[in-house]
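Numbering of ligands and ligand atoms starts at 1, following listing order. Residue numbers count from 1 along this sequence.
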Amino acid sequence: MSTTFTVDSATSRATPTPKPMKRVTIPSIMARKGQDNAEPLVMLTAYTVRTAQLLDPHCDILLVGDSLGQVIYGLPSTLPVTLDMMCAHGAAVSRGSYHAAVVVDMPFGSYEASPVQAFESASRIMADTGAAAVKMEGGAAMAETVRFLTERGIPVMGHVGLTPQAVNALGGYGARGRSDAEYEKIVGDAKAVADAGAFAVVVEGVVETLADAIVEALDVPVIGIGASANCDGQVLVTEDMLGLFERTPRFVKRYGDMSGMMTEAVEHYAREVRAREFPSADQVYKPKD
Ligand code: KIV
């Protein structure tokens, strides 16, 4: 599959925004931290071109998260997600966006072995997708890798707290930081990746006071998911907040009822097909007079 991110609006079913816009840059995201009364950063996941087009005008950052493993592919976790999958979806999201900075997740197994392995994977993601940055799970253990990449021109977003790629080690997806030891470890993880050069850090699934402590401790934006309203930005999985799934985690607010809307529309279609009401005269081609 080609992963080129060149926009070809002439052949596209969708209608990309024709206006040239300046994309949000990584330095401008970093600068938000020091600003007085800065608006929180708005980040959502996107995996496909049409979703990217619809989200782009409203978001500062589009995250091509490895959550696509569950959301798009029905996988049991993010662990089986591959670099090929991230590159294909990352390129689609770049094709569909003009404004937001695109950040692509490094999939499990593509970066943990060494800084060199991480550089090879991250440079492929950047070249194939046109993304502005990669995101990487892990704290102090990944600090050397974060430094290696950032010193070589690859912006890195950190991800600490509940790190889904470590689900087997953590024993589940429950909130982290309830014990003093784990609280201190996660604050240390966030500081380690920020000190190593991460331009922003996602803090996922932690007790609110821990998220607040990280916001206080870091000089770069902290983007929360299941964290705290005091974070410098918020991120959700788009399909969760649109209500595509029956079950949503506690930290998700449903801003829509996509599953209800789809079910209603598909039931209506099926009824009309079975009753021979669709297609009607409006949807069929007549011979030319
Ligand atoms: O993969 C993902 O979607 C993520 C966000 C939930 C932060 O990492």
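Judged by the 6.0 Å distance and 45° axis criteria, Arg276 is not positioned over the aromatic ring of Phe278.
Atom 3 (O) of ligand 1 has as its closest protein heavy atom Ser67 OG, 2.5 Å. Ranking the protein heavy atoms by distance from atom 6 (C) of ligand 1 puts Ile225 CD1, 3.5 Å first.
Distances below 4.0 Å separate heavy atoms of Thr45 from the following atoms of ligand 1: 3 (O). Interface of Lys135 with ligand 1, defined as ligand atoms under 4.0 Å from a residue heavy atom, comprises 4 (C), 8 (O). Numbered from 1 in the order shown, with element, the atoms of ligand 1 that lie under 4.0 Å from a heavy atom of Gly65 read 1 (O), 2 (C), 3 (O).
Salt bridge absent: Asp195 and Arg147 never bring a charged side-chain N and a carboxylate O closer than 4.0 Å.
Counting heavy atoms closer than 4.0 Å to ligand 1, residue Leu63 contributes side-chain atoms (C-beta onward) but none from N, CA, C or O. At a heavy-atom distance under 4.0 Å, only side-chain atoms of Asp105, from C-beta outward, approach ligand 1.
For Gln35, the CD atom sits in a packed shell: over 12 heavy atoms of surrounding residues, nucleotides or ligands are nearer than 6.0 Å.
A donor-acceptor contact closer than 3.5 angstrom is absent between the side chains of Thr163 and Arg176. Ser114 and Gln117 are not linked by any side-chain donor-acceptor pair at a separation below 3.5 angstrom, with hydrogens and angles left out of the test.
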